Trainee: 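The structure under discussion is supplied below as structure tokens; questions concerning it will follow.
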2 protein chains.
Amino acid sequence: MLRISKMTDYATVILAHLAGDEPVRRTAVALAELTGIGLATTSKVLKELQRAGLVASTRGAHGGYALARPAAAISAADIIDAVEGPVGLTECATHPGQCDLESSCRVGRSWQRVNVAIHRALADVKLTQLTGRDGAAMPVPDLTILLGARPGVRVRA
Amino acid sequence: MLRISKMTDYATVILAHLAGDEPVRRTAVALAELTGIGLATTSKVLKELQRAGLVASTRGAHGGYALARPAAAISAADIIDAVEGPVGLTECATHPGQCDLESSCRVGRSWQRVNVAIHRALADVKLTQLTGRDGAAMPVPDLTILLGARPGVRVRA
DNA sequence: TGATACAGTACCATTTTAGTCCTATTAGAC
DNA sequence: GTCTAATAGGACTAAAATGGTACTGTATCA
Ligand code: FES
Ligand code: FES
């Protein structure tokens with residue numbers, strides 16, 4: 001099945017430790033100890049998250065990292081995009097026209113649609129849900145794979 | 001974003017060429033020519049598809065491959081599983097208990113649920129839809145990410 | 001029995017991933 | 001000011017996954 005990278009998993013774990021009940025600021029060292037992930041790696045991940053704007057950093061003494069926005073406003077899709085970059089579901093999807101098979105292949109577009117559908121689904125999964133601290137059964141994101149829809153026939157967006 | 005492997009894309013292209021209006025049987029060589037994929041690679045993919053039970057093979061003269069079931073009964077999930085194996089979304093998901101971080105990490109389970117949700121979504125996307133030969137806007141799989149649901153609270157399954 | 005076509009698998013090259021390390025920069029404390 | 005705690009940004013390496021090829025064996029049919 002589809003796979004998220006280890007780094008993305010790390011990122012989630014780290015973010016979860018920053019998503020306390022009120023906003024906390026923690027140093028990379030502290031987070032490394034809390035999570036059990038190697039310091040260097042923790043640091044690397046945090047830098048990526050900061051570049052992507054998911055965490056805010058402060059340098060110098062008493063510095064550290066904190067969530068840039070509330071946990072409820074950070075989605076699984078955000079995390080994945082931050083760590084893994086915006087690579088598409090298929091290779092052809094990202095560089096259209098580059099693929100040799102494109103002539104005999106009517107498949108690319110479809111995968112691409114699956115792609116956005118999944119992405120959209122993941123965008124509805126918030127960090128609060130990933131950490132499990134989100135209380136009772138929440139309003140379920142009514143996600144609909146719109147693969148079948150002809151272009152423009154947006155179904156239940 | 002999440003990525004399917006090139007091999008999976010190949011598989012889809014190949015399957016698409018087997019999914020004519022009525023069941024066709026084609027040799028690996030023919031499929032390689034039709035699709036533009038290298039013969040060796042085509043062959044490899046076909047073997048995997050046959051092991052997974054998606055295509056049926058006949059050996060010897062006049063042999064070849066054909067779909068093992070109607071295109072409408074083959075899903076994107078089937079294809080991915082066949083080619084990429086049953087690896088989970090996270091590493092921890094597949095070998096529970098193996099992960100060092102498992103103590104400080106309450107994330108694994110959640111990803112796993114995301115995993116099954118996506119898998120379920122992909123199971124509703126049929127080969128007919130991937131090839132685009134499925135006529136008008138089809139009944140949309142009413143897929144629901146059930147991440148928020150507490151265990152047992154199955155939402156709109 | 002020979003030709004055709006699949007089955008299995010071992011193999012290699014390339015790319016991607018995971019992880020480390022080093023240097024620069026910023027902020028605060030004394 | 002300058003020392004120290006912390007992040008920023010890379011370069012770099014080792015290990016694994018991926019994509020692709022080749023070879024050997026086996027089944028089927030004319
Ligand atoms: S394989 Fe590249 S466009 Fe379909
Ligand atoms: S990282 Fe392995 S269980 Fe969460």
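Convention: sequence-line order gives letters A, B, ...; per-chain numbering from 1. Here the structure is a predicted model, which is why all the values come from computation and not from measurement.
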Trainee: Output every pair passing side chain to side chain donor-acceptor pair (under 3.5 Å) with a member in residues 62-75 of chain A, not counting sequence neighbours, ordered by first then second residue.
Mentor: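 Of all non-adjacent pairs touching residues 62-75 of chain A, those that pass side chain to side chain donor-acceptor pair (under 3.5 Å) are A:R69-A:D78, A:S75-A:D78.
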Trainee: From CG of A:L31 over to P of D:dA5, roughly how many Å is that when rounded to an integer?
Mentor: 18 Å
Trainee: Rounded at 0.5 Å granularity, tell me how far CD1 in A:I37 sits from CD1 in A:I14.
Mentor: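 Taking CD1 in A:I37 and CD1 in A:I14, the distance rounds to 4.0 Å.
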Trainee: Enumerate, atom names and distances included, each donor-acceptor pair closer than 3.5 Å involving a side-chain atom of residues 45-55 of chain A, sequence neighbours excluded.
Mentor:
none

Trainee: Please list, chain by chain and in numerical order, all residues satisfying side-chain hydrogen bond (donor to acceptor under 3.5 Å, both in side chains) with A:R25, sequence neighbours excluded.
Mentor: A:T58
Trainee: Of the non-hydrogen atoms in A:A19 and A:L127, which two are nearest, and what is the gap between them?
Mentor: CB-CD2, 4.1 Å
Trainee: Quick one: what's the B/S/- string for nucleotides 20-30 of chain D, heavy-atom cutoff under 4.0 Å, read 5' to 3'?
Mentor: BB---BBBB--
Trainee: For B:T42, enumerate each residue passing the side-chain hydrogen bond (donor to acceptor under 3.5 Å, both in side chains) test, keeping only those at least two apart in sequence or located in another chain.
Mentor: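 Residues passing side-chain hydrogen bond (donor to acceptor under 3.5 Å, both in side chains) with B:T42: none at all.
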Trainee: Can you tell me the distance, in whole Å, between the CD1 atom of A:I37 and the C1' atom of C:dT20?
Mentor: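 Rounding to the nearest Å, CD1 of A:I37 and C1' of C:dT20 are 15 Å apart.
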Trainee: Do any of residues 49-57 of chain B sit with a heavy atom less than 4.0 Å from DNA chain C, and if so which?
Mentor: B:Q50, B:R51, B:S57
Trainee: Do you know which two heavy atoms are closest between A:A11 and A:I79, and how far apart they sit?
Mentor: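 In terms of heavy atoms, the two residues are closest at CB-CG2, 3.9 Å.
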Trainee: Can you tell me the distance, in whole Å, between the CD atom of A:E48 and the P atom of D:dT7?
Mentor: 15 Å
Trainee: Could you give the CD1-to-C1' distance, from A:I4 to D:dA17, as a whole number of Å?
Mentor: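 To the nearest whole Å, that distance equals 17 Å.
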Trainee: Whole-Å distance between C:dC6 P and B:R25 CZ?
Mentor: 10 Å
Trainee: Between atom CG in A:L18 and atom P in D:dT7, what is the gap in whole Å?
Mentor: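 Checked: the CG to P distance equals 11 Å.
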Trainee: Under a 4.5 Å cut-off applied to non-hydrogen side-chain atoms, are A:H17 and A:V24 in contact?
Mentor: no
